[in-house]
Amino acid sequence: MDELFKHETNAKGRIDELIRLIKTYDDAYYNKAESLISDFEYDKLLEELATLEKNYPKLKRSDSPLLRVGGDVQKDFKQIAHRYPMLSLANTYSTEEIEDFFRRVSTGLGGEVFAVSTELKYDGVALSLSYRDGILAEAVTRGDGVRGDDITANVRTIKSVPLQVNDVDFGGVKVKNFEVRGEIFLRIPDFLEINIRQDENGLQQYANPRNLAAGTVKKLDPKQVAQRPLQIVCYHFFSDEIELHSQQENYELMQKLGIPTSPFAKLTNSIDDVENFIDKWRQKRHELDFQIDGIVLKVDSIRQQKILGTIARSPRWAIAFKYTAETAKTKLNKITLQVGRTGAVTPVAELEPVNLAGSTISRATLHNFDFITEKDIRPGDTVFIEKGGEVIPKVV
Ligand code: IVH
């Protein structure tokens with residue numbers, strides 16, 4: 001037998017064997033949440049396959065697992081219909097609108113007394129999780145509210161998402177089949193660290209934690225998702241197995257099941273309480289290591305929620321209060337240039353230090369040169385700076 005032919009035959013056999021193994025491990029890892037081998041061994045298999053594919057390009061198979069790894073592949077997700085539509089909330093920005101909400105609820109309830117669950121509004125990606133027989137069955141994005149993308153394989157890699165919930169007896173009922181809704185997000189320090197690494201590798205930095213979280217759950221291979229420290233917090237619970245009476249009970253049950261919830265929700269009884277909560281977090285939100293974009297108010301009693309019902313695409317029993325971006329005014333001392341690893345040049349404003357959203361700011365981005373020309377910005381000018389969802393302050 002000719003020498004080359006013999007090598008090729010051996011290579012083909014090994015490639016087939018490697019693909020068979022990798023597929024088995026992938027299936028166990030992504031679909032059954034089991035690690036059959038260590039990451040190190042798994043990577044060695046991938047590496048060996050990569051070397052063989054490089055040396056024998058003709059033998060490269062179209063179903064090679066390497067086509068999935070490392071690339072920024074846009075996966076075609078299966079669409080799943082939500083059992084209950086995923087609603088959004090009406091937004092408000094002022095005290096008057098909060099007062100209107102209280103009035104509307106009171107009228108809707110025929111003057112009944114009501115309590116309000118006042119919660120932080122996490123700025124992330126909305127998600128619905130279904131558990132069947134206590135096991136995580138499906139994780140679906142909001143999509144258009146009626147159907148969303150099946151991102152179960154990606155969500156299984158998030159450490160705080162229980163793949164199996166605790167055995168819970170809640171007032172005599174074993175709860176095993178239910179749906180929860182929540183938000184996927186990234187902590188600010190994790191986001192900043194990922195951006196440092198992007199920069200070190202000559203790659204573009206991500207705009208803000210929310211976009212990065214959204215891109216991560218939707219675009220990447222589950223193996224890559226696993227490397228991003230995504231977090232989850234849940235704020236909604238449905239089940240046919242049990243009738244709960246309030247949002248506070250929803251939280252209690254989710255905690256017992258082992259589903260992560262926010263420790264910051266508070267039961268309030270008056271507009272004053274709500275306004276105090278809003279004011280407190282307007283300041284304190286900058287001490288949190290994750291981003292919030294407002295506060296959510298929910299009528300606590302589920303009986304009352306049902307009376308109030310839903311109009312258009314938002315429930316009448318809940319509302320969001322959004323914080324507007326904070327700005328500060330200061331003097332522009334000089335303009336410097338920052339050169340990224342890719343060679344991209346960004347003009348930076350060196351500022352007279354000023355307090356903005358809880359931290360002292362002495363530098364802010366000036367975006368690009370067109371921005372400077374357009375606004376005729378010069379050293380010595382007074383500028384307004386803002387910290388939006390961007391983490392890094394900007395001149396506006
Ligand atoms: S309740 C019907 N609670 O904000 C219940 N939503 O603008 C709807 N969000 O769609 C959701 N934190 O993606 C709720 N504590 C919280 C929330 C929260 C963040 C998101 C969620 C929602 C959007 C509404």
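Both ligands and their constituent atoms are indexed starting at 1 by order of listing. The shown structure was predicted, so the numbers you read here are calculated from the model rather than taken from an experiment.
- Between Asp381 and Arg378, none of the side-chain N atoms (NZ, or NE/NH1/NH2) sits under 4.0 Å from a carboxylate O, so this pair counts as no salt bridge.
- You'll find the side chain of Ile98 reaches within 4.5 Å of the side chain of Phe321, heavy atoms only.
- Scanning all protein heavy atoms for the shortest distance to atom 8 (C) of ligand 1 gives Leu89 CD2, 3.9 Å.
- Using a cut-off of 4.0 Å between Lys/Arg side-chain N and Asp/Glu carboxylate O, Lys284 and Asp279 are scored as not salt-bridged.
- The six-membered or imidazole ring of Phe290 lies near that of Tyr122, with a centre-to-centre distance under 6.0 Å.
- The protein non-hydrogen atom at the shortest distance from atom 7 (O) of ligand 1 is Lys121 NZ, 3.2 Å.
- Checking Arg142, His236, Lys298, Gln305 against atom 1 (S) of ligand 1, the nearest heavy atom belongs to Lys298.
- If you look at Ala320 next to ligand 1, there are no close heavy atoms at all, none under 4.0 Å.
- Of the candidates Glu183, Glu119, Met86, the one placing a heavy atom closest to atom 20 (C) of ligand 1 is Glu183.
- Residue, atom and distance of the protein heavy atom nearest to atom 11 (C) of ligand 1 are Tyr235 CE1, 3.8 Å.
- Under 4.0 Å is where a charged nitrogen must lie from a carboxylate oxygen, and between Lys176 and Glu241 no such pair does.
- The protein heavy-atom contact nearest to atom 12 (N) of ligand 1 is Tyr122 N, 3.1 Å.
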